[in-house]
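The structure appears right after this line, and notes come after that.
This structure is a prediction, so every number in the text was calculated from the model and none was measured. Worth knowing before you read on, the calculation uses all heavy atoms, side chains too, and leaves out hydrogens, waters and symmetry mates.
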Amino acid sequence: MNVLWVFAHPEPRSLSGALRDDSLQTLRNLGHDVRESDLYAMKWNPVVDAADYGTEAADERLQVGAASARAYAGGMLSPEIVAEQEKLAWADAVVVQFPLWWFGVPAILKGWIDRVFVKGFAYGLSGDDGRTLHYGEGRLAGKRAMVVVTGGASEAALGSRGINGSLDDLLFSLQHGTFFYTGMSVLPPYAVYGADRVPPEQFTEARGALRERLRTLETTQPLPYRSRNSGDYDENMVLEEAHVPGETGFAIHLR
């Protein structure tokens with residue numbers, strides 16, 4: 001497989017950095033081709049700006065969706081955005097690794113998504129029959145995506161009744177709202193808990209478990225999200241009451 005590894009941690013000597021280095025070598029040993037976007041090393045600019053779309057006009061109101069679509073269609077996107085889109089197009093699988101900061105992704109990673117996943121490339125597409133291609137369909141369909149995340153809290157505190165909320169819920173916007181929205185199949189995330197207090201033996205265990213996840217990158221069953229055009233949702237994109245009646249929350253969007 002072609003694997004793109006997106007790394008969003010400022011310290012290469014961290015636990016995350018050690019796991020990244022081992023994982024890239026593991027993938028290569030397994031015969032995969034690997035490319036990396038190390039966002040901090042790249043000094044990635046996370047801020048959306050009119051210059052991304054080939055326009056500097058201060059008196060023109062910036063409508064990001066429309067401007068990005070025009071720039072993508074017209075070949076006017078900034079070169080660093082195009083380079084990342086080319087990596088995504090090349091990849092069969094995308095692994096996104098980051099520390100959980102304030103219950104979400106670091107700003108640099110959010111900015112990578114904001115600038116790279118532009119309209120016309122990652123969303124805003126229609127099929128030949130006029131259907132909107134999202135939530136299971138789209139340009140990135142057929143690719144696999146996996147999150148590798150480190151969190152300072154314990155596994156229990158990030159569990160279904162933990163005070164922090166469940167990790168699955170915290171990752172929903174990324175896994176369902178970005179990866180699945182753009183068509184990708186989303187693999188279960190890999191998490192290391194209590195990451196600031198990991199003794200050597202726990203690191204060895206975490207490294208081994210992540211190696212195993214990478215060995216099965218091609219065969220692991222994705223999360224069973226309901227696709228938009230599966231017939232499970234009505235014309236308002238609301239889940240039909242026949243499915244898990246009376247229930248609400250993120251979990252209802254899993255079959």
Side-chain angles (χ1 to χ4, degrees), residues 1-9 11-39 87-88 90-101 104-106 109 136 140-160 162 164 166-172 174-176 178-180 183-225 250-251 254-255:
M1 299 178 76
N2 295 334
V3 183
L4 172 61
W5 195 283
V6 183
F7 184 67
H9 196 292
E11 177 51 77
R13 297 166 297 182
S14 62
L15 168 69
S16 293
L19 288 173
R20 182 269 312 267
D21 293 345
D22 187 79
S23 295
L24 295 181
Q25 188 58 54
T26 296
L27 288 168
R28 293 186 176 105
N29 291 345
L30 291 167
H32 300 300
D33 290 328
V34 183
R35 295 182 186 176
E36 184 185 5
S37 291
D38 184 340
L39 300 184
K87 291 179 190 176
L88 281 168
W90 166 86
D92 301 309
V94 181
V95 180
V96 178
Q97 183 187 5
F98 58 92
L100 191 68
W101 285 353
V105 301
L109 176 55
L140 302 184
K143 302 179 186 297
R144 303 188 136 221
M146 186 175 83
V147 165
V148 175
V149 61
T150 49
S154 68
E155 184 171 3
L158 283 166
S160 59
N164 297 307
S166 75
L167 184 64
D168 288 338
D169 286 354
L170 297 178
L171 294 178
F172 185 82
L174 175 62
Q175 295 188 142
H176 185 268
T178 300
F179 296 150
F180 189 64
M184 289 190 270
S185 299
V186 184
L187 305 187
Y190 178 80
V192 178
Y193 300 94
D196 294 330
R197 302 172 297 280
V198 172
E201 61 273 15
Q202 187 180 343
F203 171 75
T204 300
E205 180 182 344
R207 182 184 61 190
L210 182 51
R211 285 177 178 175
E212 183 58 30
R213 287 296 308 275
L214 298 176
R215 289 189 189 99
T216 59
L217 192 61
E218 296 173 271
T219 58
T220 297
Q221 287 296 309
L223 297 172
Y225 288 130
F250 296 144
L254 289 162
R255 288 186 180 275

Say you draw a straight line from [atom1] of [X] to [atom2] of [Y]; how long is it, rounded to the nearest 0.5 Å?
X      : Y      : atom1 : atom2 : result
Trp90  : Leu4   : CH2   : CG    : 7.0 Å
Asn2   : Asp92  : CG    : CG    : 4.5 Å
Leu223 : Phe172 : CG    : CZ    : 10.5 Å
Leu171 : Thr178 : CG    : OG1   : 11.0 Å
Gln202 : Leu15  : CD    : CG    : 8.5 Å

Kindly state each residue pair satisfying salt bridge (charged side-chain N to carboxylate O under 4.0 Å, His left out) with at least one member in residues 213-222, sequence neighbours excluded.
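Sorted pair list: Glu212-Arg215.
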[X] and [Y]: which non-hydrogen atoms are nearest, and at how many Å?
X      : Y      : answer
Gly151 : Leu100 : CA-CB, 4.4 Å
Tyr190 : Ala209 : OH-CB, 3.6 Å
Met146 : Pro188 : CG-O, 3.7 Å
Val149 : Leu167 : CG1-CD2, 4.1 Å
Pro99  : Pro106 : O-CD, 3.5 Å
His9   : Glu11  : ND1-N, 3.0 Å

Test your reading of the model: is there a side-chain donor-acceptor pair from Tyr193 to the backbone of Ala156, 3.5 Å cut-off?
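No.
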Which donor-acceptor pairs under 3.5 Å do the side chains of residues 23-32 make with protein atoms, sequence neighbours left out?
{"residue": "Ser23", "atom": "OG", "partner": "Leu19", "partner atom": "O", "Å": "2.7"}
{"residue": "Gln25", "atom": "NE2", "partner": "Asn29", "partner atom": "OD1", "Å": "2.9"}
{"residue": "Thr26", "atom": "OG1", "partner": "Asp22", "partner atom": "O", "Å": "2.8"}
{"residue": "Asn29", "atom": "ND2", "partner": "Gln25", "partner atom": "O", "Å": "3.4"}
{"residue": "His32", "atom": "ND1", "partner": "Met1", "partner atom": "N", "Å": "3.1"}

What residues form a ring-ring contact (aromatic ring centres under 6.0 Å, His included) with Phe179, not counting sequence neighbours?
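With neighbours one apart ignored, the set is empty.
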Decide yes or no on side-chain contact (heavy atoms from CB on, under 4.5 Å) for Val6 and Phe98, but give the supporting numbers first.
CA-CA 8 Å; Val6 183; Phe98 58 92; over 6 Å; no
For a side chain to side chain contact (heavy atoms under 4.5 Å, CB included) with Val95, tell me which candidate from Val148, Leu187, Val147, Val34 qualifies.
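Of Val148, Leu187, Val147, Val34, side chain to side chain contact (heavy atoms under 4.5 Å, CB included) with Val95 is met by Val148 alone.
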Return the set of residues passing side chain to side chain donor-acceptor pair (under 3.5 Å) with [X] (not counting sequence neighbours), or none when no residue passes.
X      : value
Ser166 : Asp169
Thr220 : Thr216
Ser185 : none
Gln97  : Trp5

Listed partners of [X] passing salt bridge (charged side-chain N to carboxylate O under 4.0 Å, His left out), at least two apart:
X      : answer
Glu36  : Arg20
Glu201 : none
Arg255 : Asp232
Arg197 : none

Parallel, tilted or perpendicular: which one describes the rings of Tyr225 and His176, with boundaries at 30° and 60°?
perpendicular
Check whether any side-chain heavy atom of Val186 lies under 4.5 Å from a side-chain heavy atom of Pro222, and answer yes or no.
no
With a 4.5 Å cut-off on side-chain heavy atoms, are Val192 and Phe203 touching?
no
How would you list all residue pairs meeting side chain to side chain donor-acceptor pair (under 3.5 Å) that involve residues 143-156, not counting sequence neighbours?
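Side chain to side chain donor-acceptor pair (under 3.5 Å) check on residues 143-156 returns Ser16-Thr150.
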